[in-house]
Amino acid sequence: MEDNRLRQVEQSIESLQSKNIDEHKDEFEKVESEIVQQKVEIRNSLMPDNNQEDERIKDIANKLNEHIKTGFSEFEKADEIVNYLEPAFQRGKVDKAYGRALVLLVENTMIEQVKIHFEHSKDNARLMDFILDKLIELSSEIMPNHYTEILALEKRFFELQYSQK
């Protein structure tokens, strides 16, 4: 079932290759929505059953969200934000609970922040590429393959979207 849904998202992204984002905005939004929905479903299936572990991951996620907000509010340049966020990704490789919180609960917040942070889409594209690369790298170490695959598809989607701006 998951492979089927991932292939559908992949086909949807491929169908956008020849379409102009300005003329087919609804289709781009629909595909992005499909990607987010897939991530939510996978994420829900991966959340801990144990209340204590669930609370721990949520607590870590709250701290990470504050850390990320600080990075986006304090720094003006993509390089500065990259340098600020890099240690969080590195820690996620060592501390699996931290990594799971980053991938399961915080990645969407980061992506949404990037989409609106810079006036120039080139800076947004660069930062989006960095964040998704790091999420994919981290996910490949600590998450099931299907989550890593949906992140890779999301990266392809944003590459396509930003290539037209």
Side-chain angles (χ1 to χ4, degrees), residues 2 6 9 13 28-162 165:
E2 288 167 356
L6 288 172
V9 170
I13 293 169
F28 275 82
E29 288 174 359
K30 182 178 180 239
V31 171
E32 185 176 7
S33 180
E34 286 176 38
I35 292 167
V36 170
Q37 182 60 37
Q38 278 290 302
K39 288 193 309 183
V40 167
E41 289 174 17
I42 295 169
R43 198 177 291 135
N44 288 341
S45 73
L46 296 174
M47 287 301 291
D49 294 330
N50 177 322
N51 279 346
Q52 186 177 3
E53 187 180 349
D54 186 57
E55 287 302 316
R56 181 168 180 248
I57 287 178
K58 287 179 180 173
D59 185 46
I60 293 168
N62 286 336
K63 291 174 184 169
L64 275 165
N65 276 323
E66 289 304 314
H67 180 72
I68 291 162
K69 284 179 190 172
T70 299
F72 281 97
S73 65
E74 294 290 319
F75 300 108
E76 298 293 321
K77 297 179 181 170
D79 286 341
E80 294 171 331
I81 296 171
V82 163
N83 291 336
Y84 182 79
L85 294 177
E86 177 68 34
F89 289 107
Q90 293 307 315
R91 181 174 174 192
K93 290 180 181 180
V94 177
D95 180 344
K96 299 305 181 202
Y98 192 90
R100 285 175 56 90
L102 185 59
V103 173
L104 287 174
L105 300 173
V106 179
E107 62 93 10
N108 225 42
T109 303
M110 278 193 285
I111 289 169
E112 291 304 315
Q113 282 285 108
V114 171
K115 286 167 45 177
I116 60 169
H117 190 69
F118 295 109
E119 289 181 25
H120 303 291
S121 63
K122 190 165 88 173
D123 291 327
N124 285 342
R126 190 165 163 269
L127 190 54
M128 185 71 76
D129 190 59
F130 165 79
I131 286 175
L132 284 167
D133 276 345
K134 290 299 181 178
L135 287 168
I136 290 166
E137 182 182 322
L138 181 59
S139 178
S140 70
E141 292 186 23
I142 65 170
M143 301 299 286
N145 287 342
H146 54 281
Y147 198 81
T148 305
E149 287 179 40
I150 194 70
L151 289 174
L153 288 172
E154 186 171 37
K155 182 179 183 214
R156 280 185 47 206
F157 171 79
F158 282 116
E159 286 171 347
L160 177 63
Q161 183 175 341
Y162 284 121
K165 290 186 178 183

Tell me, do [X] and [Y] make a side-chain contact under 4.5 Å, heavy atoms counted?
| X | Y | value |
| --- | --- | --- |
| Ile111 | Glu154 | yes |
| Lys155 | Leu135 | no |
| Asn83 | Phe75 | no |
| Gln113 | Ile131 | no |
| Met128 | Tyr162 | yes |
| Ile60 | Arg100 | no |
| Leu85 | Lys134 | no |
| Val114 | His117 | no |

Any pair counted as side chain to side chain donor-acceptor pair (under 3.5 Å), so long as it reaches residues 67-78, sequence neighbours left out: His67-Tyr84

Taking every non-hydrogen atom, the tightest pair across [X] and [Y]:
| X | Y | answer |
| --- | --- | --- |
| Glu107 | Val103 | CG-O, 2.8 Å |
| Pro144 | Leu46 | CG-CD2, 3.6 Å |
| Ala101 | Ala61 | CB-N, 4.0 Å |
| Leu138 | Lys93 | CD1-N, 3.6 Å |
| Thr148 | Ser140 | OG1-N, 3.4 Å |
| Ser139 | Leu151 | CB-CD1, 3.8 Å |

Distance from [X] atom [atom1] to [Y] atom [atom2], nearest 0.5 Å?
| X | Y | atom1 | atom2 | result |
| --- | --- | --- | --- | --- |
| Ile150 | Gln38 | CD1 | CD | 5.0 Å |
| Ile13 | Phe158 | CD1 | CZ | 10.0 Å |
| Asp54 | Asp59 | CG | CG | 11.5 Å |
| Ile136 | Glu149 | CD1 | CD | 11.0 Å |
| Leu102 | Ile68 | CG | CD1 | 6.0 Å |
| Met110 | Leu132 | CE | CG | 8.5 Å |

More than 12 heavy atoms of other groups within 6.0 Å of Asn62 CG: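 Enclosed: over 12 neighbouring heavy atoms sit under 6.0 Å from CG of Asn62.
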
Atom NZ of Lys96: over 12 foreign heavy atoms under 6.0 Å: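 Yes, because the 6.0 Å sphere around NZ of Lys96 holds more than 12 heavy atoms from other groups.
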
Candidate pair Lys58 and Glu55, rule salt bridge (Lys or Arg N to Asp or Glu O under 4.0 Å), full reasoning: CA-CA 5 Å; Lys58 287 179 180 173; Glu55 287 302 316; 5.0 Å; no

Aromatic plane relationship, Phe28 with Phe157 - under 30° parallel, 30 to 60° tilted, over 60° perpendicular: tilted

Residues which pass ring pair (Phe, Tyr, Trp, His ring centres under 6.0 Å) with Tyr98, listed by chain and number, not counting sequence neighbours: none

Residues Lys63, Glu66: salt bridge by 4.0 Å N-O rule: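 No, no charged N to carboxylate O under 4.0 Å.
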
Any side-chain donor near an acceptor of the partner, Glu41 and Gln37, under 3.5 Å: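 Their side chains do contain a donor-acceptor pair, which is all the 3.5 Å distance test asks for.
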
